[in-house]
Every structure is written in C-alpha cells, then in structure tokens.
Number of protein chains: 2
Amino acid sequence: MRMGEGVEWAAHACLLLSALPDGAGLPAAAIAAFHDVPPAYLAKHMQALARAGIVTSARGASGGYRLARAPEEINLLQIADAVDGGEPAFRCTEIRQRGPCAAKAEECMKACGIAAAFWAAERIYRQHLEGVRLADIRSALVRKQDSANMERLKAWLEAHANN
Amino acid sequence: MRMGEGVEWAAHACLLLSALPDGAGLPAAAIAAFHDVPPAYLAKHMQALARAGIVTSARGASGGYRLARAPEEINLLQIADAVDGGEPAFRCTEIRQRGPCAAKAEECMKACGIAAAFWAAERIYRQHLEGVRLADIRSALVRKQDSANMERLKAWLEAHANN
DNA sequence: GCTTAATTACTCGGATAGCAGGTGTCCGAGTTTATAGGG
DNA sequence: CCCTATAAACTCGGACACCTGCTATCCGAGTAATTAAGC
Ligand code: FES
Ligand code: FES
C-alpha cells in the first residue's frame with residue numbers, strides 16, 4: 001500500500017493557506033518556493049484541491065489560491081481524497097465466484113468476509129482522518145512555535161501574498 | 001492509495017489452506033486453478049507468504065504449501081504486510097525542514113502534526129486488521145455455507161492435496 | 001486632469017513526456033516417487 | 001522376493017519482460033494591473 005507523495009504537499013499547502021490574512025491569495029509558485037518543491041508539479045495537486053472545492057483559485061495578476069472555507073470545516077480526509085483519489089485501497093475482484101468449485105451468485109448476497117474486514121478497517125481509517133481538522137493542526141503548531149518564527153512567517157506571507 | 005491485487009489472492013489462498021486436512025500440502029498450481037488466476041503470478045505471492053513465515057513450502061512430488069501455524073494465530077495484517085510490503089502508506093519527506101522559511105532541525109523533535117495524524121490513522125487501521133484472525137473468517141464462512149458445497153469442497157481438496 | 005482602450009505581466013488549467021513499481025511469465029534447482037535391474 | 005541405483009515427474013524459487021499509474025514538466029487560456037493616448 002502506498003499513498004501519493006503529493007498528499008503531504010497538499011496538506012502542508014492548505015496549512016500554509018490557513019495562515020494567510022483574510023481575503024488574500026497566494027500563487028502556486030509562492031507555495032512551491034516556500035516548501036522547495038517543483039512548482040509545476042505542486043500546481044497539478046493544487047488543481048485537484050480546487051476541483052474538490054477545498055480551495056478556490058483566482059487567475060490573473062494578484063490572483064492565487066485561498067481556502068474555500070474556514071479551517072474548521074476542512075479535514076485531512078477531504079485533502080487525501082482530493083489528491084489521491086478516494087477509491088478504496090483494497091480491491092476485491094470477487095475471486096470466490098470464479099474457478100471450478102466457486103460459490104454461485106445467489107450465495108453472494110453478502111460481501112466476502114475478507115473484503116468486509118478490509119473495508120471496515122478502511123472505514124475506521126477514514127473516520128480518524130475525518131476527525132482531524134485543519135484548524136486543529138494549525139492551533140497545535142502555533143502552540144509550540146517560537147514567536148520569532150511566527151513573525152518571520154507573517155512577514156514572508158505579507159511579502160508574497162496578493163490582495 | 002492503492003493496495004496490491006495479490007493481497008486478495010493471498011488471503012483467499014490462506015483461507016483455502018485452512019480447510020486442508022491436517023498434514024497435507026497443496027501445490028500452488030492447484031490453488032491457482034481453484035481461484036482461476038494465473039498460476040505463475042500466484043506462485044510469486046506464495047513465495048512472499050513463505051518468506052514471511054505464514055506458510056511453509058515443500059518441494060518435489062507430493063509437495064506444496066501448508067499453513068505454518070494454526071488459523072487462530074494468523075491474521076489479515078500479517079498477510080497484507082507479507083504480500084504488499086509493510087511500509088507505511090503515508091510518506092513524510094520532512095517538507096517542513098525545507099524552503100526559505102523552514103523550521104530548523106532543533107524544532108523538529110516531535111513528528112509533524114500532519115504525519116502524526118496520518119500515521120495514527122494507519123495504526124488504527126492495522127490494529128483492526130490484526131484483530132481479524134483467519135479462523136474467524138473461516139468459521140463465519142462455514143456458518144452460512146451450504147452443506148452440499150462443503151462436501152464439494154472437501155472432495156476437491158481430497159482430489160488435489162498431496163500427502 | 002480624466003476617461004478609455006490597448007498592452008503587458010502574471011496566474012491557473014489541462015495536455016504532454018519520463019520513470020518506478022506492480023503485473024505477468026518463464027525456466028532452472030531441488031526433492032520425491034516410480035521403475036527397472038541385480039542379488 | 002527384496003534391495004538398490006537410475007530415471008522420471010513434479011514442485012518451489014528466483015530471474016526476466018511488460019504495462020499501468022505516479023512523477024515531473026511545458027505551453028496556452030484567461031484575468032487584473034499598467035500604460036499610453038485622446039478628449
Ligand atoms: S472475493 Fe474478493 S475478498 Fe473474497
Ligand atoms: S513534514 Fe512531512 S507531513 Fe509535515
């Protein structure tokens with residue numbers, strides 16, 4: 001099992017956007033520079049976030065990305081689904097219905113026990129991620145953050161943000 | 001996020017082996033024929049199970065695979081880790097330590113909040129899978145299984161098992 | 001000086017190559033069984 | 001009839017191509033700011 005690397009980038013991008021002054025926008029190039037990642041590739045994941053309605057995009061000069069709603073209304077599950085594609089990790093090909101001694105269709109009204117177990121585990125996984133809001137991560141970060149760094153971040157945002 | 005397709009095959013293979021008479025072995029070709037999957041590919045995953053110590057292999061005529069221990073001592077987490085590789089799905093590249101306004105190493109004694117949340121979710125996921133034993137799946141299956149099919153399965157196993 | 005229209009600069013968006021890992025297959029190493037020959 | 005050596009058949013094990021999907025990048029569409037001209 002392996003999750004796309006862009007999930008980490010997208011999550012940190014949203015975390016950075018949550019520190020933005022209200023009504024301001026931040027270009028994808030600035031976000032990429034802040035995290036030192038390939039700008040074009042991060043832009044691709046930003047598009048995914050925009051398609052999912054997590055961030056809104058403004059084109060043209062003084063454009064950029066901003067959060068579509070309050071950080072309290074954004075959780076890690078939404079970000080992971082948007083970037084990585086929300087399809088289930090475990091793929092059941094109904095192997096029990098194949099082969100010489102297979103179970104017939106009329107006996108498969110209930111899902112296979114193996115698939116049910118995996119999907120139940122995934123359900124719990126997703127519920128846990130859904131419970132972690134972006135605001136929680138941000139508040140926990142600022143709590144243990146040096147005040148000097150906080151000022152440095154704020155200055156950097158003021159210098160690169162538009163509007 | 002996407003799990004290897006072979007996990008389903010390996011799980012069902014173990015489930016089939018758990019129905020085997022005690023001390024008998026089943027060749028990989030027979031398991032593949034039973035599930036109607038490419039024999040050579042299933043053999044690859046069987047090797048992974050053998051390397052992980054979940055099944056034991058016997059070469060030569062009348063050889064084959066058998067469970068290494070009782071079905072009560074085998075759970076889905078062991079199978080998934082053996083086939084899919086137990087590495088964490090979420091990959092943290094310590095993005096916070098990079099870029100112009102990065103957090104320095106001395107401030108990163110604790111794991112990043114985002115990575116911590118994802119890894120905690122994975123931990124719960126794995127715990128759930130660890131709680132599902134192969135014996136549980138088998139008992140739940142035989143409970144709702146037709147007795148005629150049970151006999152058919154037993155006859156098939158007798159016909160293809162060695163020793 | 002003010003209005004307006006063209007120009008410029010900047011941004012997102014989707015379309016396009018490159019590469020890794022999962023998918024699928026093959027043949028050789030090793031063991032057991034069957035067989036044939038000799039005692 | 002029994003023992004043994006040979007041959008055969010069968011199985012696992014790792015090494016070899018292929019192919020989907022993630023990784024990485026580019027250029028065009030669209031918008032706001034800028035500028036210059038005209039009134
Ligand atoms: S048939 Fe797909 S997991 Fe059992
Ligand atoms: S630095 Fe890797 S998730 Fe935050």
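Chain A is the first sequence line, chain B the second, and so forth, proteins listed ahead of strands; every chain is numbered from 1.
- B/Glu72 pairs by the side-chain contact (heavy atoms from CB on, under 4.5 Å) definition with B/Ala70, B/Arg133, B/Ala135, not counting sequence neighbours.
- For A/Glu8 and D/dT23, the CD to P distance is 12 Å, given to the nearest whole Å.
- Rounded to whole Å, the distance from CZ on B/Phe90 to C1' on D/dC22 is 16 Å.
- If you take CD of A/Glu87 and P of D/dC22, they are 8 Å apart, rounded to a whole angstrom.
- Nearer the 5' end of DNA chain D, as judged by each residue's closest nucleotide, is the contact made by A/Gly6, out of A/Asn163 and A/Gly6.
- Atom CZ of A/Arg91 has more than 12 neighbouring heavy atoms from other residues, nucleotides or ligands inside a 6.0 Å radius.
- Within 4.0 Å (heavy atoms only), A/Arg66 reaches no atom of the nucleic acid at all.
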Expected string for nucleotides 10-19 of chain C under the B/S/- scheme (protein heavy atoms, under 4.0 Å, primed atoms plus P, OP1, OP2 as sugar-phosphate) is BSBBBB----
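- Residues passing the ring-ring contact (aromatic ring centres under 6.0 Å, His included) test with B/His128: none are found, sequence neighbours excluded.
- Regarding B/Leu42, its CG atom lies at a distance of 14 Å from the P atom of D/dT11, rounded to whole Å.
- Screening residues 144-163 of chain A for ring pair (Phe, Tyr, Trp, His ring centres under 6.0 Å) gives A/Phe34-A/Trp156, A/Trp156-A/His160 as the qualifying pairs, with residues at least two apart or on separate chains.
- An OP1 or OP2 oxygen of D/dT23 is reached within less than 4.0 angstrom by a side-chain nitrogen or oxygen of A/Tyr41.
- Residues satisfying the side-chain contact (heavy atoms from CB on, under 4.5 Å) test with B/Asp36, not counting sequence neighbours, are A/Arg98.
- Remark: A/Tyr65 engages no residue in a ring-ring contact (aromatic ring centres under 6.0 Å, His included) (not counting sequence neighbours).
- If you measure from atom CZ of A/Arg2 to atom C1' of D/dC22, you get 9 Å, rounded to the nearest angstrom.
- Between B/Arg91 and the phosphate of D/dC22, there is no side-chain N or O to OP1/OP2 separation shorter than 4.0 Å.
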